[in-house]
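Each remark here refers to the structure printed beneath this line.
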Amino acid sequence: MTELTELTAVRLLEGYRKGEWGPVEATRAALERAEAIQPEVNAFVRLTAEEALDQARESEERWRRGEPRGLLDGVPVTVKDILLQRGAPTLRGSKAVDPAGRWDEDAPSVARLREHGAVFIGKTTTPEFGWKGVTDSPLSGITRNPCDPSRTAGGSSGGSAAAVALGAGPLSLGTDGGGSVRIPASFCGIFALKPTYGRVPLYPASAFGTLAHVGPMTRDAADAALMMDVIGHPDSRDWSALSAPAGPYTDGLAGGVRGLRVAYSPSLGGQVAVRPAVARAVRRAVERLAELGAYVTETDPDLTDPVEAFHTLWFSGAARVTQHLGPHQRELLDPGLREICARGARYSALEYLAAVDVRMDLGRRMGRFHDTYDLLVTPTMPLTAFEAGAEVPKGSGHRRWTGWTPFTYPFNMTQQPAASVPVGTDEEGLPIGLQLVAARHRDDLVLRAAHALYEARVASAGRPTPSGS
């Protein structure tokens with residue numbers, strides 16, 4: 001018997017068309033799975049079972065009439081609790097946000113999913129205001145890794161990653177300001193894409209400015225391409241949104257990697273200490289890209305670690321997002337968030353603009369790099385998931401989450417598309433991710449190369465099992 005929670009969105013939709021199963025059955029299965037995993041993994045801040053089943057019944061009737069509403073009619077989806085969703089409070093992981101309110105507007109990406117008939121089963125966990133690379137908050141507690149609940153799911157879209165990995169809906173919307181879809185995708189063994197900035201509109205505008213992206217978190221690259229065909233269109237509420245793409249991303253998936261010029265940088269020129277198991281898994285995947293016809297060169301981009309400039313931009317954004325809070329509300333904040341907000345508030349305008357200069361130079365260097373190479377491949381993370389409830393690995397010496405995420409945040413600064421693809425596990429069975437990066441506006445190449453890895457069975461859409469299950 002087919003286990004519906006194991007299926008991709010593409011396969012679910014195929015079953016709807018053939019009459020093998022329906023949206024109500026798929027939604028019930030996703031909700032049951034969500035309820036089952038919640039006590040151990042804590043992926044959700046709320047489940048919306050009644051509303052979801054109503055949406056599924058309406059979808060099932062449309063399918064019965066042969067009139068599906070759009071590309072995702074009846075597919076269960078989840079939404080990170082940073083993005084507005086009509087009818088559900090968006091608390092952003094914070095006790096300082098008042099749940100009372102109208103909550104009558106969808107974020108652009110949520111609105112596009114709704115227009116295409118998606119079924120919303122719940123809001124997923126986030127650290128407070130999405131500020132760090134793990135998912136815990138004073139509001140919702142700790143979100144745990146689907147492969148080992150003693151480990152972190154990563155963040156800040158950790159709830160979405162855990163939900164997708166464990167079958168509580170094949171699709172989720174995440175946000176990424178420094179790695180926040182790619183970090184948990186790597187730790188949880190799923191696919192995630194940070195699109196080119198502006199490809200997926202964002203409203204309200206993020207206090208983190210043009211570092212913040214919205215992206216799909218899915219079981220494989222084909223599902224992400226389908227999701228991008230829905231959410232990757234302009235919205236008048238986002239002044240920085242790009243115009244509509246030239247054509248469907250799903251149409252370009254089958255192109256393969258033959259002839260693509262791939263730069264493989266295992267450690268960004270020795271700047272990053274990568275765990276041996278991670279290095280081996282990523283190298284094996286790169287070797288497979290070469291076997292599939294890509295021209296692979298081991299080389300490094302002209303990139304020095306921009307972490308201090310990133311901190312200036314990121315901490316200033318954190319200070320801005322909490323600026324309106326009174327003393328009592330500030331006492332409710334995550335202590336680490338309070339600390340970076342205080343630091344961010346001390347930066348001068350000249351220091352901020354100096355960080356912008358670093359960012360623009362980094363973008364120039366990466367633009368020149370992609371004159372020579374179509375894709376850059378790195379590990380997504382230099383390590384696998386560490387203990388839950390900590391911002392940094394024990395004994396690492398790192399002060400902030402950016403210390404262990406050196407492969408991700410540079411590409412938020414450059415606004416390039418970047419994806420994490422699961423390419424194996426370490427000796428403890430913890431997932432390992434490979435990062436694919438392309439020039440701005442070449443999201444199609446990232447999706448195409450990722451799809452080739454899935455087709456070659458280098459990447460897997462298999463579901464992990466919690467060690468305590």
Would L84 and D106 count as a side-chain contact (heavy atoms from CB on, under 4.5 Å) here? Give the steps. CA-CA 5 Å; L84 293 179; D106 285 330; 5.9 Å; no
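- Checked by atom type, the side-chain pair T380/S186 shows no donor-acceptor distance below 3.5 Å.
- Listed for the R199 side chain is a donor-acceptor partner under 3.5 Å among the backbone atoms of S243.
- With hydrogens and angles ignored, the 3.5 Å screen pairs no side-chain donor or acceptor of E331 with any backbone N or O of H328.
- The environment of R320 atom CZ is sparse: at most 12 non-hydrogen atoms of other residues, nucleotides or ligands sit within 6.0 angstrom.
- The two residues S160 and L173 come nearest to each other via the heavy atoms OG-O, 3.5 Å.
- Taken to the nearest 0.5 Å, the CG atom of L447 stands 7.0 Å off from the CE atom of M228.
- Between T8 atom OG1 and Y454 atom OH the span is 10.5 Å, to the nearest 0.5 Å.
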I would like to know whether R359 and Q415 meet side-chain contact (heavy atoms from CB on, under 4.5 Å); could you show each step before the answer? CA-CA 10 Å; R359 181 181 191 181; Q415 304 188 339; 3.5 Å; yes
For residues 383-390, tabulate all N or O donor-acceptor pairs below 3.5 Å that involve a side-chain atom, not counting sequence neighbours.
from, atom 1, to, atom 2, distance (Å)
T384, OG1, D426, OD2, 2.8
E387, OE2, K394, N, 2.7

In sequence, state the C-alpha distance, the side-chain angles, and the governing distance for T175 and K80, and then conclude on side-chain hydrogen bond (donor to acceptor under 3.5 Å, both in side chains). CA-CA 7 Å; T175 63; K80 183 181 181 180; 2.7 Å; yes
List the steps, then state whether side-chain hydrogen bond (donor to acceptor under 3.5 Å, both in side chains) holds for D73 with S59. CA-CA 6 Å; D73 204 352; S59 172; 2.9 Å; yes
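- D220 CG to L453 CG: the interatomic distance, rounded to the nearest 0.5 Å, is 12.0 Å.
- Two residues are said to be in side-chain contact when any heavy atoms from C-beta on lie closer than 4.5 Å; L445 and L375 meet this criterion.
- W404 places no side-chain N or O within 3.5 Å of a backbone atom of M381 that could act as its donor or acceptor partner.
- Using bins of under 30°, 30° to 60° and over 60° for the plane-to-plane angle, the ring pair Y409/W401 lands in the perpendicular bin.
- More than 12 heavy atoms of other residues, nucleotides or ligands lie within 6.0 Å of CZ in R65, so this atom counts as buried by the packing criterion.
- Taking 4.0 Å as the cut-off between side-chain N and carboxylate O, E61 and R64 count as a salt-bridged pair.
- Closest approach of V437 and V446 over heavy atoms only: C-CG2, 4.3 Å.
- Counting heavy atoms from C-beta outward, S94 and L333 have side chains that approach closer than 4.5 Å.
- With a 4.5 Å cut-off on side-chain heavy atoms, L13 and L71 do not count as touching.
- Side-chain contact between N412 and H213: present, with at least one pair of heavy atoms (C-beta onward) separated by less than 4.5 Å.
- A salt bridge does not link E3 with R33: none of the charged nitrogens is closer than 4.0 Å to a carboxylate oxygen.
- Although no hydrogens or angles enter the test, the distance criterion places no donor-acceptor pair under 3.5 Å between the side chain of R448 and the main chain of G252.
- Looking only at distances, a side-chain donor or acceptor of K194 sits under 3.5 Å from a matching main-chain atom of F411.
- Taking each heavy atom of G154 and T135 in turn, the nearest pair found is O-OG1, 2.8 Å.
- Taking each heavy atom of A244 and P234 in turn, the nearest pair found is N-CD, 3.8 Å.
- In this structure a side-chain-to-backbone donor-acceptor pair under 3.5 Å is present from Q416 to A438.
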R28 and E25: CA distance, side-chain angles, deciding distance, salt bridge (charged side-chain N to carboxylate O under 4.0 Å, His left out) verdict: CA-CA 5 Å; R28 282 202 178 108; E25 186 181 1; over 6 Å; no
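- Put simply, the side chain of D238 never gets that close to the backbone of G198: no donor and acceptor are under 3.5 Å apart.
- To the nearest 0.5 Å, atoms OG1 (T124) and CD1 (I82) are separated by 9.5 Å.
- Here the side chains of L139 and K95 are in contact, with some heavy-atom distance below 4.5 Å.
- Here the CG atom belonging to L53 is positioned 10.5 Å from the CD atom belonging to E60, to the nearest 0.5 angstrom.
- A donor-acceptor contact shorter than 3.5 Å is absent between the side chain of E105 and the backbone of R86.
- Residues R237 and P108 form a side-chain contact, since some pair of their non-hydrogen atoms from C-beta on lies under 4.5 Å apart.
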Give the intermediate values and the outcome of side-chain contact (heavy atoms from CB on, under 4.5 Å) for residues M227 and D223. CA-CA 6 Å; M227 203 169 172; D223 270 11; over 6 Å; no
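- A donor-acceptor contact shorter than 3.5 Å is absent between the side chain of R182 and the backbone of G433.
- Of all non-hydrogen atoms in I231 and S109, the two that sit nearest each other are CG2-O, 3.7 Å.
- Between the side chain of R114 and the backbone N or O of Q85 there is no donor-acceptor pair closer than 3.5 Å.
- Under the 4.5 Å side-chain criterion, counting only non-hydrogen atoms from C-beta, L7 is not in contact with P170.
- Considering K132, R400, R330 in turn, R400 is the only one that fulfils the salt bridge (charged side-chain N to carboxylate O under 4.0 Å, His left out) rule with E339.
- In terms of heavy-atom proximity, G232 sits nearest to P245 at O-CD, 3.2 Å.
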Checking side-chain contact (heavy atoms from CB on, under 4.5 Å) for the pair M366/M413: CA distance, chi angles, key distance, verdict? CA-CA 11 Å; M366 288 308 302; M413 297 180 76; over 6 Å; no
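- Taking the side chain as every heavy atom from C-beta outward, L430 and R151 approach each other to under 4.5 Å.
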Is there a side-chain hydrogen bond (donor to acceptor under 3.5 Å, both in side chains) between E128 and S137 once you walk through the steps? CA-CA 6 Å; E128 200 161 19; S137 74; over 6 Å; no
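- Rounding to the nearest 0.5 Å gives a distance of 11.5 Å between OG1 of T125 and CZ of R144.
- Remark: of the listed residues Y347, W131, F208, F208 is the sole one forming a ring pair (Phe, Tyr, Trp, His ring centres under 6.0 Å) with W314.
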